[in-house]
Amino acid sequence: MCGTCGCGDDDHITYHKPNEENQEHSHLHHHGPVAHTHFHRHNDHQLSLHQHQGHSHDHSHDHEHTHDHPHDHTHDHTHLTTTQTVQIQRNILSKNELEAARNRGYFDALKVVALNLVSSPGSGKTSILERTITEKGRELNCFVIEGDQQTMNDAQRIEKAGAPVIQINTGNGCHLDAIMIGKALRQLNMSTNSTLFIENVGNLVCPALFDLGESKRVVIISVTEGEDKPAKYPNMFETSHLCLINKVDLLPYLDFDMEKFLNIAKTVNPMLQFIPISAKTGEGFDQWYAWISQQGVE
Amino acid sequence: MHELSIAVQIAEIITEEAAKAEALTVTKVILEIGSLSGIEADAIELAVPEAFRNTICENAAVEYQYIKARAVCESCCNEFDPIDHYKICPFCNSLYTSFLKGKELNIKSFDIVKP
């Protein structure tokens, strides 16, 4: 069926690579306005104008009559309704998951590595992206979707760093969902063999529930946060593939116990990989780039 | 407060499915919520009636079936009750375990009145 108008002309749809021969085909659709007429009845809305100039009306209505019902009414009648239980057994997030699957198909077709970056606010997601784009923007062919409740600030930073970016402002929403990503992708015009960074809303709770269709989920923690973050927000660490430990340049000034953090995180997710980095000094970024490159190979 | 957006999803799904079944009204809804689903009982029970307002589900009784987490060890094959997301096997201390139950976030069924 034609996806545009639903006209049922399957036969006309052909698929060709741009350089193949015989790629011309015609597919005529008439989506223009078809002549049609609307009939409107205005009977119900007609205004009745009454003019009463220089005279008065005297209306009196007497209604004196009684209603007697010297017989019994019975109220025996059958209700023609039935009750039914609908066994639906449907995942409440099924709509999101369907959209996520569509996004995943789009990424596969374009050979896009899509990374969903999640963290609490202030962990350094945008700074990590700025450095990544500045140093590897060309090589990785970076595109960015920014998620925040308000402002274009992050998108402006990313654009300045040199990557095409769409900002999603969620208003009151506390997370991005797959439907929002699908809409953003339609505007982003991604090219093949590229890397998409989705910077989720800063929040370690809700974004864990929403699959965006990403290839991998990257959780970012900064060493100024507590070592027990994975214990406090297990859902997020359990569903992530890589953990970037940011701001390691501050370690000499802090009491952050790296070993304790790694142990707690591995308890929640033994498969989680870790890369300590500093968006300020660039420490660990080579490892981060190597990890991204590996994702495209799989 | 992602519970509110979850509740709105519940109302949308039931409204669609009830229309397909040509329902006049929805009288009961049964939800399955696992302890690891990321949904708080208090928050969802507050959000659902709000999301149902002015929908076909407005007067439906809602039954919340909370499901406790259950895990299995991939090393020794024993089943156990994990404490929240910590799923270290209590039998062999392996970290390689998986959840059998507890992630549910489902509309199990709903009752409708049909003409």
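Within every chain, numbering begins at 1; the chains are lettered A, B, ... in the order of the sequence lines, protein sequences first and strands thereafter. This is a predicted model, so every value here is computed, not measured.
Of the two parts of B/Glu40, neither the backbone nor the side chain holds a non-hydrogen atom closer than 4.5 Å to a non-hydrogen atom of chain A. Residue B/Thr25: no heavy atom, backbone or side chain, is found under 4.5 Å from chain A. Within the 4.5 angstrom heavy-atom criterion, atoms from both the backbone and the side chain of A/Gln89 approach chain B. Using a 4.5 Å cut-off between heavy atoms, A/Phe237 makes no contact with chain B at all.
In this structure the side chain of B/Ile112 never reaches within 4.5 angstrom of the side chain of A/Thr83, judged on heavy atoms. Side-chain atoms of A/Asn269 and B/Leu95, non-hydrogen and from C-beta on, never get closer than 4.5 Å to each other. Side-chain contact between A/Ile92 and B/Ile107 is present, with at least one heavy-atom pair separated by less than 4.5 Å. Residues A/Ile88 and B/Phe110 form a side-chain contact, since some pair of their non-hydrogen atoms from C-beta on lies under 4.5 Å apart. Under the 4.5 Å side-chain criterion, counting only non-hydrogen atoms from C-beta, B/Leu105 is in contact with A/Leu93. Side-chain contact between B/Leu24 and A/Thr81 is present, with at least one heavy-atom pair separated by less than 4.5 Å.
Remark: A/Arg102 CZ is loosely packed, at most 12 non-hydrogen atoms of other residues, nucleotides or ligands lying under 6.0 Å away. Residue-environment remark: NZ (A/Lys95) exceeds the threshold of 12 foreign heavy atoms within 6.0 Å. Dense packing is recorded around NZ of B/Lys114, with more than 12 heavy atoms of other residues, nucleotides or ligands lying under 6.0 Å away.
Taken to the nearest 0.5 Å, the NZ atom of B/Lys28 stands 8.0 Å off from the OG1 atom of A/Thr85. Rounding to the nearest 0.5 angstrom, the gap separating the CD atom in B/Glu3 from the SG atom in A/Cys206 is 7.5 Å.
Considering all non-hydrogen atoms of both residues, A/Phe210 and B/Ser5 come closest at CZ-OG, 4.4 Å.
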(message) Under the criterion side chain to side chain contact (heavy atoms under 4.5 Å, CB included), I'd like the reasoning laid out for B/Lys103 against A/Asn91: C-alpha separation, chi angles, the key distance, then a yes or no.
(response) CA-CA 10 Å; B/Lys103 297 255 180 186; A/Asn91 185 335; over 6 Å; no
(request) Before giving the answer on side chain to side chain contact (heavy atoms under 4.5 Å, CB included), spell out for A/Thr82 and B/Val113 the whole-Å C-alpha distance, their side-chain angles and the decisive distance to 0.1 Å. (result) CA-CA 6 Å; A/Thr82 53; B/Val113 176; over 6 Å; no
(request) Could you give me the CA-CA distance, side-chain angles and deciding distance for B/Ile13 and A/Ser94, then say whether side chain to side chain contact (heavy atoms under 4.5 Å, CB included) is met? (result) CA-CA 9 Å; B/Ile13 293 170; A/Ser94 55; 4.1 Å; yes
(request) Could you walk me through whether B/His2 and A/Leu209 pass the side chain to side chain contact (heavy atoms under 4.5 Å, CB included) test, one step at a time? (result) CA-CA 9 Å; B/His2 56 293; A/Leu209 287 186; 3.1 Å; yes
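Your options are B/Glu12, B/Glu32, B/Glu17, B/Lys108, and the one with the most heavy-atom pairs under 4.5 Å with chain A is B/Lys108.
The residues A/Arg90 and B/Glu16 are annotated as not salt-bridged, no charged nitrogen and carboxylate oxygen being separated by less than 4.0 angstrom.
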